Amino acid sequence: MTALTRSKLLNILRAALLIIVLVAVALALWKNREAVAAETRLLDWHVLTAAFVIGLLSPALTMLGWRVLLADLGTRLALPPAASIFFVGQLGKYVPGSVWTVVMQAEMGHRLRVPRRRMAATGLVMLALSVLGGAIVAVPALPLLRSKSQIALSPWEIALGVLATLLFLALLWPPVLNALIARGLRLIRRDPLEHALSGSGIAYCMLFIVAAWIANGLSVLLLASALAPDDAGSLVLVCLSGFALASVAGMVAVILPAGVGLREGVMVLMLTSVMSPAGATAVVVLIRFFNVLADVLWALTGWLWARAHHLLPSKDPHAVDG
């Protein structure tokens, strides 16, 4: 079987699995539509607006981290073109397949004379660092997978959590991280980085990544606290760390575009430890909608800027770079 045939079969499998997941989610929502609708009606429009606005910060913070990483690899872009390239490319994560985001960003960057190799490497490394940053934020929520009815952590769970956090932080030490990136790029048959990442570049990028995870968690927290106001302490853990855990699970399941279905399932499992299943489902559905809407709005803004400055791929080989 050729590589092209395997790629086609994998894309067909991804599309089929996505359809199955979406149908299953739709059936579950239809079965519980009255309870979910009742919970959603309890949310004031002020809460909905605040949750959405805070959720808008997450893609913006992620873009800033990506821009820092790109600069560390050799290309400093002004904020408008960097935002345009990043946000338009982000829509690729909703397409079955694992390369569309990197391909779009590489093509747009090429029109600004950014080497495609460098842009692609930035996208791949950014994905790895996002997973690592999410894992750091997610550590406190791991015990909830063992017993969703028990929020309190035992001493051994705290110790394991501290060790896991220290391990993740150790992976960010430049010699270790650069060695892992080099090995990972070899395994997927990609060109190595042009030069090693610096300590300051890694630190600033991770600050933006962790801030982005926290912003998304705060958006979840606003919605959940409006439906379960009597359990504020537990909600902070479940929403901030639980959302990161669910999202990382979706990100590593590359077979599903944007982790659709898996992220929602894990997040409902997290939230039902502190609120009703109907309330948890309402929060999860709203957060997914807010995330997609934020991606579309940011991408639209980036597309308009890119169109005005001739950054979009063109069939005209003589098109002027913006």
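From a predicted model like this one, the values you see are computed outputs, not experimental measurements.
- Taking both residues in full, the closest heavy atoms of Val220 and Met267 are given as CG1-CE, 4.0 Å, listed atom of the first, atom of the second, then distance.
- The shortest non-hydrogen separation linking Leu69 to Cys205 is CB-SG, 4.3 Å.
- Residue Ile54 comes nearest to Ala215 through the heavy atom pair CG2-O, 3.3 Å, listed as atom of the first residue, atom of the second, then distance.
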**Item:** Worked check of side chain to side chain contact (heavy atoms under 4.5 Å, CB included) between Trp298 and Leu56
**Value:** CA-CA 8 Å; Trp298 281 120; Leu56 280 173; 3.7 Å; yes
**Item:** side chain to side chain contact (heavy atoms under 4.5 Å, CB included) assessment of Leu286 paired with Leu43
**Value:** CA-CA 11 Å; Leu286 285 170; Leu43 295 169; 3.4 Å; yes
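- Put simply, the side chain of Gln90 does not reach to within 4.5 Å of the side chain of Met63, judged on heavy atoms.
- Looking only at side-chain heavy atoms (C-beta outward), Phe208 and Thr62 stay at 4.5 Å or farther from each other.
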**Worked verdict on Leu293 versus Phe289 for side chain to side chain contact (heavy atoms under 4.5 Å, CB included)** = CA-CA 6 Å; Leu293 182 58; Phe289 174 73; 4.2 Å; yes
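- Under the ring pair (Phe, Tyr, Trp, His ring centres under 6.0 Å) criterion, Phe86 pairs with Trp66, not counting sequence neighbours.
- Salt bridge status for Glu107 with Arg116: present, with a side-chain N to carboxylate O gap under 4.0 Å.
- Taking OG1 of Thr49 as the start and CG of Leu222 as the end, the distance is 11.0 Å to the nearest 0.5 Å.
- Looking at every heavy atom in both residues, Ala141 comes nearest to Leu237 through N-CD1, 4.1 Å.
- The two residues Asn216 and Ser58 make their nearest non-hydrogen contact at ND2-OG, 3.1 Å.
- The closest side-chain heavy-atom distance from Val238 to Phe243 is not below 4.5 Å.
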List, one per line, each side-chain donor-acceptor pair under 3.5 Å for residues 119-136, sequence neighbours excluded.
from	atom 1	to	atom 2	distance (Å)
Thr122	OG1	Arg118	O	2.8
Ser130	OG	Met126	O	2.9

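- Shown here for Gly55 and Pro59, the closest heavy-atom pair between the two residues is O-CD, 3.2 Å.
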**Prompt:** Run the side chain to side chain contact (heavy atoms under 4.5 Å, CB included) check on Leu177 and Leu171 step by step: do they pass?
**Reply:** CA-CA 6 Å; Leu177 182 61; Leu171 295 178; 5.7 Å; no
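- Of the possible donor and acceptor atoms, one in the side chain of Asn178 sits under 3.5 Å from a partner among the backbone N and O of Leu197.
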